[in-house]
Amino acid sequence: MAWKIGEVLPIIKQNVVDLIPEEELIEKLKKKDKIIVKYGADPSRPDLHLGHYVCLKKLKDLQDLGFSIVFIVGDFTAMIGDPTGRSKTRPRLTEEEVKENSRTYFEQVFKVLDREKTIVRYNSEWLARLTAKDIIEISSTYTVARMLERDDFAKRYKENIPISIHEFLYPIFQGYDSYAVHADIEVGGTDQVFNFLVAREIQKHFGEEPQVILTVPLLEGTDGKLKMSKSYDNYIGLTEKPEDIYGKVMSIPDTLIYKYYKLVLYYDDESLKKVESFIREDPRGAKAKLAYEIVKLLHSEEDAKRAEEHFNRVFREKKIPDNIPEFELPKEGLNIVEILYRSGLVTSKSEARRLINQRAVKLNGEPVTNIDTVLKRDGEKVLKVGKRKFLKLR
RNA sequence: GGAGGGGUACCCAAGCGGCCAAAGGGGCCAGACUGUAAAUCUGGUGGCUCAGCCUUCGCAGGUUCGAAUCCUGCCCCCUCCA
C-alpha cells in the first residue's frame with residue numbers, strides 16, 4: 001500500500017503539537033506498507049476522561065488511514081509508577097490492582113477505536129522476562145545527566161525532593177516497549193515527549209529505525225488550570241452520566257471553550273472561526289452547545305437532549321430534577337442531621353450541622369436553620385443540600 | 001561511615017511545655033452576586049451522644065499535674081563530607 005503523502009499528512013497533523021522528525025515520517029510513509037502506531041496506557045487509572053479522548057481520537061484518525069494501532073497496557077510499568085509531571089514518587093501498584101484496572105479500560109477505549117483493528121499487548125509480556133543483565137544493557141543507553149534534563153526530575157532534584165532509582169527505569173522500559181513492538185510512531189500527550197525520545201535511543205541501540213514522535217495537546221480540566229487528571233479531580237469521565245458530563249462542561253471557565261471545540265469536537269479551522277464569534281457574542285450559549293455536543297459524542301443525541309433539559313430545569317429554573325434518590329422516614333420521624341447523614345448526602349454529622357448553619361440545607365425551598373429539626377412522615381418533601389444534592393423524603 | 005537540617009491537618013507552612021483541634025496561604029465546601037464561567041465579598045473546612053467529650057502534629061515508649069512542643073529508641077527524607 002502506498003500512502004499519498006499529500007492527503008495523509010494533513011490528517012496526521014491535525015491537532016498535533018509535535019511531529020518529530022517530520023522528514024522521517026515521510027520516509028516511512030514512502031517505503032513502508034505497514035505503519036505501526038504505539039500507544040501506551042497506564043492501567044493505574046482505569047477511568048478514561050476527555051483528556052485521553054484527545055489522544056484516542058488521534059489514534060482513530062490514524063487507524064482510519066490504515067495504520068496498525070498497537071495498544072500497550074503498561075501492566076509491568078504500572079508497578080513502577082510513571083513519574084511524569086509528578087513532584088512526588090508515585091505509589092506502586094500491585095499485580096492484582098493492575099489486573100483489575102485494565103479490565104474496565106477497554107470498554108472505554110473501544111468506544112473510540114475499532115476493536116477488530118486494534119492489537120492489544122501487555123508490556124509484562126517482554127519486560128517481566130528481562131534479566132538483570134538485560135536491564136543493565138538497556139539502562140546503559142542513557143545517562144544520568146540526560147535523565148536529569150527531564151523537567152520534572154530536574155525540578156525535583158533542584159528542590160531536594162527525592163527521586164528513586166526505579167523512576168529512572170520508567171522511561172527506559174517504556175522505550176523498550178517501542179523496540180518490542182517495532183513502533184514506527186508513538187502517540188501521546190505533550191508531557192510524554194521525553195519518554196518518547198528515550199525510546200528512539202533504545203530502538204537505535206538495538207539496531208532499529210527509531211519511532212516518530214507525535215504528541216497531542218494536553219487538555220485542561222474543569223478547573224481551567226491543571227491538565228485533566230483524575231488525581232486533580234478536574235476530569236470529565238468518558239462513561240459518566242449524561243447529566244454529569246453536561247454539568248461539568250458547563251462549569252469549565254470560558255477561556256477553555258474554544259479549546260474544547262477544537263480538541264474534543266475536532267472542529268476544522270473554518271468552523272472554529274464561527275465558534276470564535278459565537279463565544280464572543282454568547283459565551284453561555286456556546287458552552288451549552290459544547291456540552292450538548294460532548295454528551296452526544298459520548299452517549300447519544302437522546303441523552304444530550306435529556307441532559308440539557310435536566311440542566312436547564314435544575315440550574316436555570318431552579319426546579320427539582322426528576323430523578324432523585326428517595327429516603328423513607330421512620331414513622332416516629334427523624335432528626336434532620338440524621339437524615340442527611342444516613343441518606344449519604346453528607347459524610348459526617350458534623351458536616352450536616354455545618355451546612356445547616358450555613359443555610360445550605362433547604363426543605364421544599366425553605367432553609368432549615370435549626371439542627372434539632374425533626375421531620376415527620378407527612379407527604380412528600382424535597383430536601384436540597386448545596387447546589388446540586390437532592391433527596392426526596394417520603 | 002561522619003556532620004548538620006527536617007518529617008505538623010487535602011497541599012504548602014507557622015508553632016517549640018498549658019491561652020493548640022493547632023496561625024497564615026492554597027485548594028475544597030457553603031452563602032451572596034451570576035451564565036453550575038470569571039471576578040468579588042462572607043462563612044466554613046477531624047469526629048461525636050456538641051457550651052462538653054474523644055481522636056489527631058513520622059512510629060513506639062518515657063518525663064510532667066499538663067507534650068505538636070522536653071527525653072530515649074526506631075523509621076523515613078534532604079544537604080555537605082567520605
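Numbered from 1 within each chain, the chains take letters A, B, ... in sequence-line order.
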Review point. So which residues get pulled into A:Ile20's cluster when ILVMFWY side chains under 4.5 Å apart are joined, directly or through others?
Key: A:Val193, A:Phe196, A:Leu197, A:Ile213
**Study point:** Ring geometry between A:Tyr122 and A:Phe106 (parallel below 30°, tilted from 30 to 60°, perpendicular above 60°)
**Key:** perpendicular
Point to revise | A:Thr347 or A:Asp223, whichever maps to the more 5' nucleotide of RNA chain B | key: A:Asp223
Review point. Can you tell me how far P of B:U42 sits from CZ of A:Arg359, to the nearest Å?
Key: 19 Å
Practice item. Please measure how far the C1' atom in B:C48 lies from the corresponding atom in B:C59, and state the result in whole Å. Key: 27 Å
Review point. So what does A:Ser251 touch, heavy atoms closer than 4.0 Å: a base, only the sugar-phosphate, or nothing?
Key: sugar-phosphate
**Study point:** Side chain of A:Ser348 (C-beta onward), nearest among B:G47, B:A38, B:U36
**Key:** B:G47
Point to revise | Span that lies between the P atom of B:G15 and that of B:G73, in whole angstrom | key: 26 Å
Practice item. For B:G46, give its Watson-Crick or G-U wobble partner with both distances under 3.5 Å, or none. Key: B:C54
Practice item. Would you mind telling me which of B:A30, B:U79, B:U45 lies closest to the side-chain atoms of A:Ala360? Key: B:A30
Check your understanding: What is the distance, rounded to the nearest whole Å, between atom CG of A:Asn234 and atom P of B:G26?
Key -> 19 Å
Revision key, fill the gap. Applying the 3.5 Å cut-off to both distances, the Watson-Crick or G-U partner of B:C80 turns out to be B:G2
Review point. Of the nucleotides B:A37, B:G44, B:C48, which has the atom closest to the A:Ser350 side chain?
Key: B:C48
Point to revise | Gap in Å between the two P atoms, one belonging to B:G58 and one to B:U69, rounded | key: 8 Å
Exercise for review: Looking only at side-chain atoms of A:Lys225, point me to the closest of B:A38, B:C78, B:G27.
Suggested key: B:G27
Review point. Is the A:Tyr246 ring parallel, tilted or perpendicular to the A:Phe311 ring (thresholds 30°, 60°)?
Key: tilted
Check your understanding: Does the ring center of A:Tyr179 lie less than 6.0 Å from the ring center of A:Tyr176?
Key -> yes
Check your understanding: Expressed in whole Å, how much space separates the P atoms belonging to B:U42 and B:G25?
Key -> 11 Å
Review point. So, is A:Arg284 close to the B:U36 phosphate, meaning a side-chain N or O under 4.0 Å from OP1 or OP2?
Key: yes
Point to revise | Identity of whatever pairs with B:C20 - Watson-Crick or G-U, under 3.5 angstrom | key: none
**Study point:** A:Tyr157/A:Phe153 aromatic ring centres below 6.0 Å
**Key:** no
**Study point:** Gap in Å between the two C1' atoms, one belonging to B:G18 and one to B:A82, rounded
**Key:** 46 Å
Check your understanding: What nucleotide, of B:C29, B:C48, B:C78, holds the atom closest to the side chain of A:Leu355?
Key -> B:C29
Check your understanding: With a 4.0 Å cut-off on heavy atoms, is A:Gly386 in touch with a base, just the backbone sugar-phosphate, or nothing at all?
Key -> sugar-phosphate
Exercise for review: Using the P atom as the reference point in each nucleotide, state the distance between B:C74 and B:A22 in Å, no decimals.
Suggested key: 34 Å
Check your understanding: Just checking A:Lys287: base, sugar-phosphate only, or nothing, at a heavy-atom cut-off of under 4.0 Å?
Key -> base
Check your understanding: Regarding A:Lys248 and the six-membered ring of A:Tyr235, is the cationic atom NZ or CZ under 6.0 Å from the ring centre and inside 45° of its axis?
Key -> yes
Review point. Expressed in whole Å, how much space separates the P atoms belonging to B:U45 and B:U34?
Key: 28 Å
Point to revise | Between C1' of B:C29 and CG of A:Asn357, the distance in whole Å | key: 14 Å
Point to revise | Paired nucleotide for B:C70 [Watson-Crick or G-U wobble; both distances under 3.5 Å] | key: B:G62
Check your understanding: A:Ile252 near the nucleic acid: base, sugar-phosphate alone, or nothing, with a heavy-atom cut-off under 4.0 Å?
Key -> sugar-phosphate
Practice item. Take atom CZ of A:Phe278 and atom P of B:G35, then tell me their distance rounded to the nearest Å. Key: 16 Å
**Study point:** Distance, C1' atom - from B:C10 to B:G46, rounded to whole angstrom
**Key:** 12 Å
Review point. Taking atom C1' of B:C78 as reference, at what distance in whole Å does atom NZ of A:Lys158 sit?
Key: 16 Å
Check your understanding: For A:Ile161 and B:U79, what is the distance between atoms CD1 and C1' respectively, to the nearest whole Å?
Key -> 14 Å
Check your understanding: Looking at B:G43, does its base get a donor-acceptor pair with the side chain of A:Gln358 below 3.5 Å?
Key -> yes
Practice item. Could you tell me whether A:Lys57 sits above the aromatic face of A:Tyr266, with NZ or CZ closer than 6.0 angstrom to the six-membered ring centre and within 45 degrees of the axis? Key: yes
Point to revise | Derivation of the side-chain contact (heavy atoms from CB on, under 4.5 Å) call for A:Leu50 and A:Tyr260 | key: CA-CA 9 Å; A:Leu50 283 183; A:Tyr260 274 50; 4.0 Å; yes
Study note, to complete from the structure: Between A:Asn160 and A:Lys387, whichever has its closest RNA chain B nucleotide further toward 5' is A:Lys387
**Study point:** Under 4.0 angstrom between A:Lys349 side-chain N/O and B:U49 OP1 or OP2
**Key:** yes
Practice item. Mind calculating the distance between CG (A:Asp233) and P (B:G26) to the nearest angstrom? Key: 20 Å
Review point. How would you label the contact of A:Asp254 with the nucleic acid (heavy atoms, under 4.0 Å): base, sugar-phosphate, or nothing?
Key: base
Check your understanding: If we call it a pair only when both distances are under 3.5 Å in a Watson-Crick or G-U wobble match, what pairs with B:A39?
Key -> none
Review point. CD of A:Glu317 versus C1' of B:G35: gap in Å, rounded?
Key: 14 Å
